[in-house]
There are 2 protein chains.
Amino acid sequence: MADIIQPVKGTRDFYPEDKAVITWLYEKMGEVSERFGYQEFDGPFLEYIDLYAAKSGEELVKEQSFVFEDKSGNLLALRPELTPTLVRMIAQRQQHLYYPLRWWSFGPFWRYESPQKGRGREFFQWNVDLIGADSPEADAELAAVMAAFFQEIGLAPAQTRILINNRRLMDRELAKLEIPPHERNDIFHLIDKRDKMEFPEWEAYAEELGLSLSQMDGLQALLENDQLWEESEELVRFFKAVDALGASEYVEFAPYIIRGLDYYTGTVFEAQALTADVSRAIAGGGRYDDLLSDVGGDPLPGVGFAAGDMVLIVVLEELGLLPEKRDQTPAPVIVTVFDEDTRMASFSLAAELRRAGLKVNCYPEVEKLGKQFRHANRIGSRVATILGPEELAEGMVAVKDLRERDQVQVPRDEAAEYIQGLLEKDLSA
Amino acid sequence: MADIIQPVKGTRDFYPEDKAVITWLYEKMGEVSERFGYQEFDGPFLEYIDLYAAKSGEELVKEQSFVFEDKSGNLLALRPELTPTLVRMIAQRQQHLYYPLRWWSFGPFWRYESPQKGRGREFFQWNVDLIGADSPEADAELAAVMAAFFQEIGLAPAQTRILINNRRLMDRELAKLEIPPHERNDIFHLIDKRDKMEFPEWEAYAEELGLSLSQMDGLQALLENDQLWEESEELVRFFKAVDALGASEYVEFAPYIIRGLDYYTGTVFEAQALTADVSRAIAGGGRYDDLLSDVGGDPLPGVGFAAGDMVLIVVLEELGLLPEKRDQTPAPVIVTVFDEDTRMASFSLAAELRRAGLKVNCYPEVEKLGKQFRHANRIGSRVATILGPEELAEGMVAVKDLRERDQVQVPRDEAAEYIQGLLEKDLSA
């Protein structure tokens, strides 16, 4: 087996039990998005690198993106995030869309990072965006969507928290510390790195950026000031709206949250797991009021967030919250093949049962019945049918209950209904 | 608007009405796959180019794939097809999986081709594979899955046809024409190109491959021989099984179908639209009995097919078969905001209605009611609620039927039920 070609580092193979988790997440994300009236959309997976160059931030574009030249010499990127695509699509049809516009999406993204627990180079992301409204109440709706999703998948407020800050507030506070406007973006990066570095390393980074000792003290006091939100009218309104939307249990102020992307202008979000052993955020987002004009559209405010699948799966696995669907059988019913002579009759029976809405495997080879039953047990089938020459002659089908291990003869035209009854009994039990 | 960065050539933007079509196809493909007991899986979107180099065929790998170097100098490809990934994944766990194994998938693929109607560089594909059975009856099951899908989406047998041939049969026929074994793969390519070239061009290609005039006559007679299948025991059994599975209306023999991929060993399929103005196949597939050992696994037979989304959408659009879901409103219910004072009460009402299972937009700004109603009409909402100071004082909600243009006051705690009643009346009408 040494010669099997390896998968690419940082990518994942989705065997059925793994894919069932992704599909479940996609369904739950869709349900919650639609409950708030969001519409599903998607962009291409390839974009010109220029789309990200403007505003996503140097780290994401230069270091973390898969970039390559196409045959015409254009630089393409495998999308590392969705927001630039979203604003490009809106700018293209800006006069023909209705605002406020609410869109959600679930699809693949790529980042060239070192793979580790909860982080890969190819991952899925849920994106939710509200365009054309600039109120703190619009920000609050996004926090409520996030909270509703956590509730939907069984993550309690004790297990996860949506942390909130506001860049305009922080900008004013940095001004008070006499940090000049053109240096504040660097300080945002410094704040963003606080949880990602050891303290001495972080302190050295601050010194490198030219912070004085008193500025450093001021910054640290700022990052520990839990009451700072009261000085932001935006955040006061935000928290009031979160409360009205019934999401306050999940949401709290955190002055050290700033997010890494350069394009955020106002309130920023980051969801963190409180119990799990992963250092990355579950979800992140914020308000971006300048992005439409940055890509060439007319000015239009926006707010949104993204949640990747990988950290979420680590957290849910740790808490035992992954869905039971993983273990579901692909075929509750298996139609066995008795012998060569009756094989086509079994195929017809399988077609009849499928037409009645059942999920049916038909054994594609003539094998000993024992082998066919073993297969049925392995894949978790609940019922097997047997159609031998006697049954055929009498217009009957033998239906074997694979769990109770008993077998009955039923008229062929009642077989579907009988089997449906057996399966429904399970569901109601 | 001249400055908006363009999307990459051959990619698509999926606005909500476009994405609804993709989601509908995905759902229908899933339903049909699962009716036959197939399990959903997926592979990575990036693979090492070596995985395809072996057997996918030179054209696909060298000319039609997006290939690039990663930072370690490895050559990666954006997957142009799924089968090599599937067999890699099976080879990796070959002793731990249960056979016959039935897997399906739906995801993105990339090919560097000239974009035209029904063809892009980034597209979705449905893949269905049955591994570990080498009978013609297993091949027939795949044809039946394909036929069931066509039926499910409303494509009648008069509108589409699954064409069948067998490479072993053709190999024997080419032997009769005294074409030596090592030249037969070239002749398969020639056959595959028959529908894709003008006749003189095709004839010149045949001459270039060294076919004599009598071989050329023989080949042409072969490609018109509708009864040739009777000489293949495999195909005789195949058609019998297709019949038993209730799919024969969709399936017919076509000696000129060979498919482009090098790894097919036996029966091959190609679904074509009979009415639509597109020259590409809707779906294609076949039996590949050597592929597992080619990637380093133990020998294991397989059969499968793929159907791309782009040709299918062109065909369905032409026939008026695209789903109504495209026009569905994202939010049947809109909760308006009367004024600043009652705004939080409206947010709470929205949360209550969502908890009751309704899909609800809440207007995120304080705007004139007329503007909010216009928005509701534009996005197709059915019902609007109004919660002014009077309603609030009386514990009531005004519910406006946006179609009938009448309005009633209902107690707030009965609002969800009342609205649900209105929406259900629509559904049953």
Side-chain angles (χ1 to χ4, degrees), chain A residues 1 3-5 7-8 11-16 19 23 34-35 37-48 50-51 68 71 76 88-89 91-92 98 100 108 112 122 133 135 137-138 141 240-241 244-246 295-297 330-331 344 347-348 351 354 359-361 364-365 375 378-379, chain B residues 1 3-5 7-8 11-16 19 23 34-35 37-48 50-51 68 71 76 88-89 91-92 98 100 108 112 122 133 135 137-138 141 240-241 244-246 295-297 330-331 344 347-348 351 354 359-361 364-365 375 378-379:
Chain A
M1 300 268 288
D3 286 353
I4 299 173
I5 291 167
V8 174
T11 68
R12 288 172 292 171
D13 291 335
F14 297 95
Y15 287 87
K19 182 65 185 175
T23 303
E34 290 174 5
R35 196 186 303 161
Y38 285 67
Q39 288 183 287
E40 191 181 8
F41 85 107
D42 208 349
F45 306 131
L46 292 173
E47 293 276 10
Y48 292 119
D50 304 350
L51 184 66
F68 61 97
K71 292 178 190 180
L76 305 186
R88 175 179 65 66
M89 286 175 62
Q92 280 170 187
Y98 304 131
Y112 201 91
E122 184 175 83
S135 63
E137 289 75 17
E141 178 171 307
K240 214 171 129 197
L245 287 166
V295 304
M344 290 304 108
F347 272 50
S348 297
R354 285 181 192 124
K359 294 178 180 175
V360 179
N361 261 1
E365 315 278 4
H375 181 69
R378 279 176 179 155
I379 67 168
Chain B
M1 300 266 290
D3 286 354
I4 298 173
I5 292 166
V8 174
T11 67
R12 289 173 290 171
D13 291 335
F14 297 95
Y15 288 87
K19 182 65 185 176
T23 302
E34 290 174 5
R35 195 186 303 160
Y38 286 67
Q39 289 182 287
E40 191 180 9
F41 84 107
D42 207 348
F45 306 131
L46 292 172
E47 293 275 11
Y48 292 120
D50 304 350
L51 183 66
F68 60 97
K71 294 179 189 178
L76 306 187
R88 175 179 65 66
M89 285 174 61
Q92 280 169 187
Y98 304 131
Y112 201 90
E122 183 174 83
S135 64
E137 289 76 16
E141 179 171 305
K240 216 172 127 195
L245 288 167
V295 303
M344 289 304 109
F347 273 48
S348 295
R354 285 181 193 124
K359 294 177 181 175
V360 179
N361 260 1
E365 315 279 3
H375 180 69
R378 279 177 179 153
I379 67 168

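Quick note on labels: first sequence line is chain A, next is B, and so on, each numbered from 1.
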query: Hey, are the side chains of S348(A) and L245(B) touching, using non-hydrogen atoms and a 4.5 Å cut-off?
result: no
message: Show the nearest heavy-atom pair for residues M344(B) and K240(A), with the distance to one decimal.
response: SD-O, 3.7 Å
message: Looking at every non-hydrogen atom in both residues, tell me the closest pair between G43(B) and F14(A) and how far apart they are.
response: O-CD1, 4.2 Å
- prompt: Contact part of L46(A) toward chain B, heavy-atom cut-off under 4.5 Å: side chain, backbone, both or neither?
  reply: both
query: Looking at residues at least two apart in the chain, or sitting in another chain, which of them share a ring pair (Phe, Tyr, Trp, His ring centres under 6.0 Å) with Y98(B)?
result: none
field: Contacting moiety of E137(B), where chain A heavy atoms sit under 4.5 Å
entry: both
field: Which of S135(A), A138(A), A241(A) touches chain B most, by non-hydrogen pairs under 4.5 Å
entry: S135(A)
- line: Heavy atoms of I5(A) and Q92(B) approach each other most closely as O-OE1, 4.4 Å
query: Within the distance-only criterion (no hydrogens, no angle test), does the side chain of E122(A) pair as donor or acceptor with the backbone N or O of F45(B) below 3.5 angstrom?
result: yes
message: Report which part of R88(A) has an atom under 4.5 Å of a heavy atom belonging to chain B: side chain, backbone, both, or neither.
response: both
From Q39(B) atom CD to Y15(A) atom OH, the distance as rounded to the nearest 0.5 Å: 13.0 Å
- request: Report the distance from atom CD of E47(A) to atom OG1 of T11(B), rounding to the nearest 0.5 Å.
  value: 6.5 Å
message: Looking at every heavy atom in both A331(A) and G37(B), which two are closest together, and how far apart are they?
response: CB-CA, 4.0 Å
- request: Please name the pair of heavy atoms, one in V8(A) and one in L76(B), separated by the smallest distance, quoted to 0.1 Å.
  value: CG2-CD2, 3.8 Å
message: Please classify the contact of V295(A) with chain B as side chain, backbone, both or neither, using a heavy-atom distance under 4.5 Å.
response: backbone
message: Checking Y48(B) now: which residues fulfil ring pair (Phe, Tyr, Trp, His ring centres under 6.0 Å) with it, not counting sequence neighbours?
response: none
query: For the atom pair CE (M89(B)) and CD1 (I4(A)), what is the distance rounded to the nearest 0.5 Å?
result: 12.5 Å
message: Which one wins on heavy-atom pair count under 4.5 Å against chain A: P44(B), A133(B), G246(B)?
response: P44(B)
task: Answer yes or no: is there a side-chain heavy-atom contact under 4.5 Å between E365(B) and P100(A)?
output: no
query: Which bit of R35(B) comes within less than 4.5 Å of chain A, counting heavy atoms only: side chain, backbone, both or neither?
result: both
